[in-house]
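So you know, we letter chains A, B, ... as the sequences are listed, proteins then strands, and number each from 1. The analysis underlying the following values was restricted to heavy atoms, covering all of them including side chains, and did not include hydrogens, waters or symmetry mates.
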Amino acid sequence: MGCSVDKIFEDFLNKKSFFVNKDALNIKFTPETIPHREEEINMLARILAPALRLERPSNVFIFGKTGTGKTLTVDHVTNQLSRIAKEKNIPLKVVRINCKMHKVADTEYRLIAEIARDFGQEIPATGLPTNEVYKLFKNVIDSSKQEIILILDEIDSLIKRAGDEVLYNLTRINQELKNSKISIIGISNDVTFINNLDSRVKSSLSEEKMVFPPYDAVQLKDILMERAKIAFAPNTIQESVISKCAAYAAREHGDARKALNLLRIAGELAERLNKEKIDETDVDAAEEKDESDSTDDTVKKLPKQSQAVLYATLLILKSREPPILTGEMYDVYKSICIRTASKVLTQRRVSDLINELDMLGILNAKVVSKGRYGRTRELRLPLAEDVVVRIENMLKAELNL
DNA sequence: CGAGATTCATGTGAAGTATACCTTTAGGCTTAA
DNA sequence: AAGCCTAAAGGTATACTTCACATGAATCTCGTA
């Protein structure tokens, strides 16, 4: 029995991998150069440069679809900036917070607490009045002279959940600081969301605006080539493979994240099949299997109750066509809770959970009046078939079903 | 036949409750002078 | 007497519940042509 497994492991060790440095295909990887974002990089650098002279840089608002290099560009520029500041002994601190992270920065209290923790200020998860948290935050920042650049990634989801008061308070705090200065870089992939902001916040926050256009196929190819050079061993991948990944991703609003994922998955698939080289069929297979949708991750991190809600919808969807009504879903949800011996939440609460899922883009909910037959929301899944299947299995495991 | 009333199923806002955690404060006990 | 520890009192954020009212078009009702 063990022999076959041994053999697998041995083969694995003997065969040389396609990958030299798979990290290069990871979204989080920060490459040396960022192709086709020179202009944006320069612009951002010019905006932030005053920090080196201890002048407060303008706040910046950055828009762009997923995979257009927003986060990457900001990271790149701020890293360089930090490096130079360090060399020249300039007190500069860059803090980056992802506002979408559930339970980390999705309320006013938690966001400020999280930033303060970054400055070494301990703040309990609960118990303190919010303005007390502001005070602690202010004190720790202002205790020494320093420039602070605060990057709020996916800021739109924070505003939708917690309102724009946080931003107002942040800008206001800035004026009360004696020693330090804060600049805010807001990153959002929803262009329309700025219109819903309080006008004071709007004007003070978008002193500078930047829009990241999607990449076209040619640009995507350049990006992939660059990464492929680092990631793959020589002579394991054909140029046509890269072109194909680029083309697929270009079709989808020029999403570089998608392109990188395709390339990585294609490589993994080819490797698993013991191929000599990666070829174009692997890209097609990768497209099928595409794990790009971070939905997987999001769903896994969801609270149990939300997972149950989602699973209920999925379950109904297996036997019926899309428009699912909330009442029906709630019944199924109840039975799931009973089966898993977990608490059954009220319809009121579930209603809110649905809204949260809707905002996360995992579920589509639209209120609809059915006249004589009441008012409800129609639920749909905006996800591809294969993603749904995968999520369903995952939820089954998560919920112990 | 058509305008207006009715109805249904649930959306939605406000206020209340439970839980977990925080700070403050008043004793009470220890300790050192 | 000063110092330190402890436990109770009084507060807050968050997740959830309870209560009550709002919605809005399909259907019903009934006066009128």
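Remark: aromatic rings of A:Tyr134 and A:Phe137 are distant, center separation not under 6.0 Å.
Using modelled atom types and a 3.5 Å distance limit, the side chains of A:Arg37 and A:Asn42 yield no donor-acceptor pair.
Across the protein-nucleic acid pair, A:Tyr109 atom OH and B:dC22 atom P stand 9 Å apart, rounded to whole Å. A straight line from CZ of A:Arg349 to P of B:dA18 spans 17 Å, rounded to a whole angstrom. Nucleotide B:dC21 holds its C1' atom 13 Å from the CZ atom of A:Arg110, rounded to whole Å. Note: CD (A:Glu378) to P (B:dA9) measures 16 Å, nearest angstrom.
More than 12 heavy-atom neighbours from other residues, nucleotides or ligands sit within 6.0 angstrom of CD on A:Glu87.
Within residues 121-130 of chain A, the residues having any heavy atom closer than 4.0 Å to DNA chain B are, in order of number, A:Pro124, A:Thr126, A:Gly127, A:Leu128. Non-hydrogen atoms lying under 4.0 Å from DNA chain C are contributed by A:Val344, all within residues 332-344 of chain A.
In the helix from B:dC1-C:dG31 to B:dT31-C:dA1, the terminal helix axes, each the rotation mapping four pairs' C1' atoms onto the next four within five end pairs, subtend 30°, rounded to 10°.
Within the 4.5 Å cutoff, the side chain of A:Ile151 has heavy atoms near those of the A:Ile187 side chain. Contact check for A:Leu302 versus A:Leu360: side-chain heavy atoms found under the 4.5 Å cut-off. Residues A:Val95 and A:Ile149 fail the side-chain proximity criterion, which asks for heavy atoms closer than 4.5 Å. A 4.5 Å side-chain heavy-atom check between A:Asn364 and A:Leu381 finds every atom pair outside the cut-off. Under the 4.5 Å side-chain criterion, counting only non-hydrogen atoms from C-beta, A:Glu392 is in contact with A:Lys318.
For the side chain to side chain contact (heavy atoms under 4.5 Å, CB included) with A:Asp164, the qualifying choice from A:Ile155, A:Asn169, A:Asp198 is A:Asp198, the only one to do so. The residue from A:Asp358, A:Asp190, A:Asp106 that alone fulfils the salt bridge (charged side-chain N to carboxylate O under 4.0 Å, His left out) condition with A:Lys160 is A:Asp190. Put simply, the residue from A:Lys135, A:Lys138, A:Lys181 that forms a salt bridge (charged side-chain N to carboxylate O under 4.0 Å, His left out) with A:Glu176 is A:Lys138.
Along DNA chain C, the stretch of nucleotides lying under 4.0 Å from any heavy atom of chain A spans, 5' to 3', C:dG11 to C:dT27.
Under 4.0 Å is where a charged nitrogen must lie from a carboxylate oxygen, and between A:Asp153 and A:Lys100 no such pair does. We find that A:Lys221 and A:Glu239 are joined by a salt bridge, their nearest charged nitrogen and carboxylate oxygen being less than 4.0 Å apart. Classification of A:Lys178 and A:Asp142 as a salt-bridged pair fails, no side-chain N sitting under 4.0 Å from a carboxylate O.
Using a 4.0 Å heavy-atom criterion, one finds that A:Thr326 contacts the sugar-phosphate atoms exclusively.
Under the ring pair (Phe, Tyr, Trp, His ring centres under 6.0 Å) criterion, no residue pair touches residues 363-401 of chain A, with sequence neighbours excluded.
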For nucleotides 5-8 of chain B, print each protein N/O atom paired with a nucleotide N/O atom at under 3.5 Å, atom names and distance only.
unit_1	atom_1	unit_2	atom_2	d
B:dT7	O3'	A:Arg372	NH2	3.0
B:dC8	O4'	A:Arg372	O	2.9
B:dC8	O2	A:Gly371	O	3.3
B:dC8	O2	A:Gly374	N	3.0

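The heavy-atom pair separating A:Leu353 from A:Gln305 by the smallest distance is CD1-CB, 4.0 Å.
Two residues, A:Arg348 and A:Leu325, neighbour DNA chain B, and the one matched to the more 5' nucleotide by heavy-atom proximity is A:Leu325.
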